[in-house]
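Have a look at the structure below before the remarks.
Just so it is clear, the model here is predicted, and its values are computed rather than measured.
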Amino acid sequence: MAGWTGKIVCVDLSSERVTITGTDEKLIRMYLGGRGLGVKLLSELSDPYIDPLDPENPLIFTTGPLTGLAPMASGAVLTSKSPLTGTIFSWNTGGGFGRELKKAGIDALVISGKAKSPSYVELKGDEIKVMRAGQLWGLNTEACTESLKSMGSVACIGRAGEKEVLISSFVLNSVHSGRGGLGAVAGSKLLKAVVVKGEKELLPARPEKFKELETKMLKLFDANPVLSKGLANYGTPVLVKLLDYMGLIPSNNFSGKSTPFADMFSGEYIKASFDIEKESCPACPLGCKRRIKNTGQLLPDYDSIWAFGFNLENSDFDSVLRADRICKNYGLDPVSAGSVLGACAELQSGKIDPRELETLLTGIGEGSEPGKGARNYLSARKREDLSMDVKGLELGGFDPRGIRGQALAYATSCHGGDYLTAFMVGPEVLGKPLLLDRLSLRGKAGILQVFENLTALLDSLVLCSFSIFAINEELCSALLKVGAGLEISSAELLKAGERIWNLERIYNLKAGFTRKADTLPGRLFEADNDKRGDGIPRQEFETALQQYYLYRGWDQEGVPSQEKLRKLGLDYWK
């Protein structure tokens, strides 16, 4: 078995001190990398009660054992305590940033403290420096990336992060962004960007065997119609027609479900209407993002199409296109931005004029009050009932009333309303890897926790979220053996996913979250005044939640038992 030779780089912005430690194989076997390693380091380096904008709340970039080797494994995971939700938060982002970190030999880059003046961190091979960023401060992500890209792969914040807007995010290479407000964490540290250029060649432990598995993996992608026929041809907007047909696109702040202009926003329509080209992450067989050839404009993903189109009942595609670009440029989470605007429209008993959308989003990027997120904004106005969030994170464009397993996934996610911690749309809507009854919660609790563990595993190997449609833990185990020289059985890998999920749960419990936080907005439940008539029966939901706790080995309040923690090697947490 090959020994592990990665490293953890810690940068203290306050003192500009850099410390480097090795990554031992036991740590990698237990937490793998990516999300798992980030969660482990965050739980060790900061108190769960810490203010997310405190200088000592670390910002952690992590890679995985297969980063830069396997298809769909070139990204990085960003982990911190979220200023939007107060929960632990990890985001698996695409692009080649993670590959460059890996080429620099880095498993984790931990940034803490607060710089004396605006700064960026530069990593070039083995050289790590804190550089002044006065000339960059005030720039949005397009201009900042343009200024730094000659030095390597760029992760930066825009003006929204600088102003500590709670729905701000990092943007990687002007394309890939995230959720949870982690851009505000960077802004609070006066950290403008991280630039990395690795110099090491990344080679699998057993090249011939790895090539065989890589070929198998690509064949599995090609054999899966969701990937090869859908995402590869149309990107994420391929979901629009199917979701619309099934009545699963929420509109008007989740109070409606009619989307009469869905065809105009579908992947098929977009492909026919624009001369487009693929935007691919390194070594990705899909290329799920799209650009308009003559302008270079990045086309919006489904998230932005929902947030600024269907959610706001806005049929003006050009305004959605501009809204998406503003979010990328300012470094704003489009789902949260669209959600809070939808709630504002309902609060004012009106609609957002498409001509005002650009001005409103620019205002949010510059620090206007809706940038605090839907729950915070509406609580100040005593209308928290209008906030469509879980644990403070706004829900995306998949209506859980018609995807009941996704409803339970939203409620139990350690991130809040993040559908990617367990994308139950796969089995409940797309029938992958198996078709489940989407309108029932019966039997979902046990299935959900398996999907959650598998997702935590894939996020920790830093495989693209879409890889879940084609690969499983057995293939991951084989890839690790011949790629990274790590012999970890498929059962151990799923146990690692379970370990990571439980550690996140413990962190949130210690941060003050209780069983009461494992719920959904009241609007989504069945009630006497439910005008739509498709609300989730509250008792059925509560029964499924208790069954979920039972499957997890937690008590009725959702607290992991000491026996469960002992089996996972987490019994040092009291």
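With ring centers used as reference points, F61 lies under 6.0 Å from F97. Remark: aromatic rings of W306 and F398 are distant, center separation not under 6.0 Å. Taking the six-membered ring for Trp, F541 and F525 have ring centres closer than 6.0 Å.
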**OP:** Determine, step by step, whether D518 and K391 satisfy the salt bridge (Lys or Arg N to Asp or Glu O under 4.0 Å) criterion, reporting the C-alpha distance in whole Å, the side-chain angles of both residues, the deciding distance to 0.1 Å, and the verdict.
**Re:** CA-CA 8 Å; D518 295 342; K391 300 181 179 76; 3.0 Å; yes
Original post:
Under the salt bridge (Lys or Arg N to Asp or Glu O under 4.0 Å) criterion, do E563 and R566 qualify, and how do the steps go?
Top reply: CA-CA 5 Å; E563 177 62 16; R566 185 190 64 77; 2.7 Å; yes
Tabulate below the donor-acceptor pairs under 3.5 Å that side-chain atoms of residues 235-245 make, not counting sequence neighbours, or state none.
| unit_1 | atom_1 | unit_2 | atom_2 | d |
| --- | --- | --- | --- | --- |
| T236 | OG1 | Y302 | N | 2.9 |
| D244 | OD1 | T259 | OG1 | 2.2 |

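For the pair E394 and R375, the salt-bridge criterion is not met [side-chain N within less than 4.0 Å of a carboxylate O]. Ion pairing between a basic and an acidic side chain is recognised when a charged N comes within 4.0 Å of a carboxylate O; R515 and E542 show such pairing. Ion pairing between R442 and E540 fails under the 4.0 Å rule for side-chain N and carboxylate O.
Note: F466 and F469 have parallel aromatic rings, judged against thresholds of 30 and 60 degrees for the angle between ring planes.
The side chain to side chain contact (heavy atoms under 4.5 Å, CB included) test with L493 is passed by exactly one of N472, L480, L454: L480.
Summarising the geometry of S169 relative to D333, their closest heavy-atom pair is OG-N, 4.3 Å, with the distance given to 0.1 Å. Taking all atoms of both residues into account, the shortest heavy-atom contact from T455 to L420 is CG2-O, 3.1 Å. Of all heavy-atom pairs between A337 and C327, the closest is CB-SG, 4.4 Å. Annotation for G405 and L441: closest pair N-CD2, 4.4 Å, computed over non-hydrogen atoms.
Residue-environment remark: NZ (K567) stays at or below the threshold of 12 foreign heavy atoms within 6.0 Å.
Judged as a salt bridge (charged side-chain N to carboxylate O under 4.0 Å, His left out), and not counting sequence neighbours, the contacts of E346 are R523. Annotation: side chain to side chain donor-acceptor pair (under 3.5 Å) contacts of S339 (sequence neighbours excluded): none. Annotation: salt bridge (charged side-chain N to carboxylate O under 4.0 Å, His left out) contacts of R552 (sequence neighbours excluded): E452. Residues passing the salt bridge (charged side-chain N to carboxylate O under 4.0 Å, His left out) test with E473, sequence neighbours excluded: none.
Applying the side chain to side chain donor-acceptor pair (under 3.5 Å) test to residues at least two apart or on different chains, none of the pairs has a partner in residues 61-71.
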